[in-house]
Number of protein chains: 2
Amino acid sequence: MPVPLLSREELLERLSRTFRRYGYEGASMTRIAEASGLGKASLYHYFPEGKSQMARAVVQRTIEWFEANVFGPLESNHPPRQRIIAMLDTLHRYFEGGQLACLPALMAMSDDRALFPELLERFFTRWVSALGQTLTDSGLARDIAQRRAYDAVERIYGALILSRAFGSDHTFLAMSNELPDHLLAGAGRSTLWTTRVPRFPSSPMVPSRAG
Amino acid sequence: MPVPLLSREELLERLSRTFRRYGYEGASMTRIAEASGLGKASLYHYFPEGKSQMARAVVQRTIEWFEANVFGPLESNHPPRQRIIAMLDTLHRYFEGGQLACLPALMAMSDDRALFPELLERFFTRWVSALGQTLTDSGLARDIAQRRAYDAVERIYGALILSRAFGSDHTFLAMSNELPDHLLAGAGRSTLWTTRVPRFPSSPMVPSRAG
DNA sequence: GTCTATAATAGGATAGAC
DNA sequence: GTCTATCCTATTATAGAC
């Protein structure tokens with residue numbers, strides 16, 4: 001009786017956690033099988049092309065998850081400061097206080113970035129774009145907003161690295177406390193964001209599930 | 001005639017580049033042997049404990065290299081702004097415009113951080129401390145200086161990740177252009193740094209060799 | 001100090017039963 | 001859809017000649 005032990009969602013979630021812990025090379029089929037609870041052969045049923053296909057699916061799912069839980073909310077019609085704080089809160093949970101990285105960033109740091117360069121680029125480009133929207137909504141000039149959006153993503157990943165090196169989320173939290181003021185410094189009391197038509201009718205400010 | 005083909009320095013340099021490209025797991029003995037020009041067995045002559053010993057040596061050497069070329073100069077008696085610019089310039093060359101990461105940061109992003117946690121912590125702690133010295137020398141209060149030092153290291157690594165994801169050092173350079181002003185904002189025209197006794201008699205502002 | 005050869009293990013991937 | 005068993009390659013590591 002061929003009945004799936006896991007939903008595709010649950011399988012991807014477990015694959016994601018394994019890749020995020022060990023990186024692409026470090027995530028062996030044995031580890032993946034153990035973490036997923038499936039045999040190696042079963043994994044090839046879902047991903048005939050093997051490990052690279054699994055990693056690609058995880059990265060794609062990461063983009064989708066961020067779209068729903070980070071990028072979308074950044075473009076909502078909530079007050080800009082609230083959107084930024086929600087992003088940082090969501091990320092803190094996504095990173096599980098520094099216990100887990102994110103696969104696109106992990107891959108970007110090694111030659112593994114050559115596996116799906118277009119996905120990595122899309123992920124970070126989209127993030128900067130969405131955050132840039134938040135900041136222009138706050139009344140900042142477009143070029144300043146864009147520069148600060150890069151700034152923010154840089155600090156988020158740098159803080160993740162430091163938090164992991166120090167074995168504590170203290171650095172990440174300190175960055176989170178500082179960032180909203182820094183990003184919104186000099187922002188006019190523009191009411192643009194209150195009148196702008198939201199792109200996503202009702203984007204959730206709180207994610208359904210961190211994975 | 002047992003004559004070393006490589007100096008230990010040159011061997012470590014090649015090991016370093018290999019680990020920085022592929023990460024700890026991805027740097028296989030075969031790749032390391034090819035990159036070093038030595039046979040696998042010869043590598044075990046230098047590192048009887050194998051790969052983990054090689055990685056440890058590379059991380060230790062990274063700390064020493066940064067001490068001489070980054071941390072030391074940050075504590076020199078040059079003007080603070082000049083020290084910061086020199087650091088960013090040195091890093092741009094060390095990262096080879098984004099082509100190579102640094103092993104401590106790479107390891108910090110995965111569970112590999114558990115291999116030598118004390119070395120990773122020391123590396124980043126030392127960096128924040130040295131840069132904090134630069135900023136207190138500029139006249140900033142100690143707590144502000146420390147917070148901005150974290151800020152700087154965060155942005156440097158975040159910019160490295162973005163640069164690598166985008167396949168261009170543009171993001172790193174944009175960050176480099178912005179950082180000095182940001183770090184020194186509000187710094188008094190204190191002359192502390194001109195009168196302070198230098199800890200390192202004549203720290204080089206330009207590194208001897210990036211590796 | 002370096003090499004070739006090789007052992008022992010772990011890696012990714014597949015066949016075929018159920 | 002999942003499994004056990006297996007294949008083949010690549011991996012880490014070692015032995016022993018020079």
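Chain letters run A, B, ... following the sequence lines, proteins first and then strands; every chain starts at 1. This structure is a prediction, so every number in the text was calculated from the model and none was measured.
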Interatomic distance where CG belongs to A:L43 and C1' belongs to C:dG11 [whole Å]: 14 Å
A:T18 (side chain) donor-acceptor with A:R14 (main chain) under 3.5 angstrom: yes
Whether B:W127 and B:F66 hold their rings parallel, tilted or perpendicular, with breakpoints at 30° and 60°: tilted
Pairing string, 5' to 3', for DNA chain C - Watson-Crick or wobble contacts under 3.5 Å, brackets [ ] where pairs cross, | to another strand: ||||||||||.|||||||
Interatomic distance where CD belongs to B:Q53 and C1' belongs to D:dA13 [whole Å]: 13 Å
Nucleotide nearest B:P4 when distance is taken to its side chain, options C:dG1, D:dT2, C:dG12: C:dG1
Sequence neighbours excluded - side-chain hydrogen bond (donor to acceptor under 3.5 Å, both in side chains) pairs with any residue from residues 146-166 of chain B: A:D151-B:R155, A:E154-B:R155, A:R155-B:D151, A:R155-B:E154, A:E178-B:R147, B:D151-B:H182, B:R155-B:E178
Contact residues, residues 24-41 of chain B to DNA chain C [heavy atom, < 4.0 Å]: B:L38, B:G39, B:A41
Between C:dC3 (C1') and B:Y46 (OH): distance, integer Å: 13 Å
Spacing of B:K51 atom NZ relative to D:dT14 atom C1', expressed in whole Å: 17 Å
Value in whole Å for how far the P atom of C:dT14 lies from CZ of A:F47: 15 Å
Backbone N/O of B:L74 and side chain of B:T134: donor-acceptor pair under 3.5 Å: yes
Short N-O contact, B:R113 and B:E121, less than 4.0 angstrom: no
Interatomic distance, A:L5 CG vs D:dT2 P [rounded to whole Å]: 5 Å
Atom pair distance, as rounded to whole Å: OH in B:Y44 and P in C:dT6: 18 Å
Short side-chain N/O contact to C:dG1 OP1/OP2 from B:H45, under 4.0 Å: yes
Contacts of B:Y24 that satisfy ring-ring contact (aromatic ring centres under 6.0 Å, His included) - sequence neighbours left out: none
B:Y22 six-ring centre to B:R31 NZ/CZ under 6.0 Å and within 45° of normal: yes
Pairing residues for A:S168 by the side-chain contact (heavy atoms from CB on, under 4.5 Å) criterion, not counting sequence neighbours: A:H170
By side-chain contact (heavy atoms from CB on, under 4.5 Å) - contacts of B:S176 (at least two apart): B:L88, B:F172
Presence of B:S42 side-chain N/O under 4.0 Å of C:dG1 phosphate oxygens OP1/OP2: no
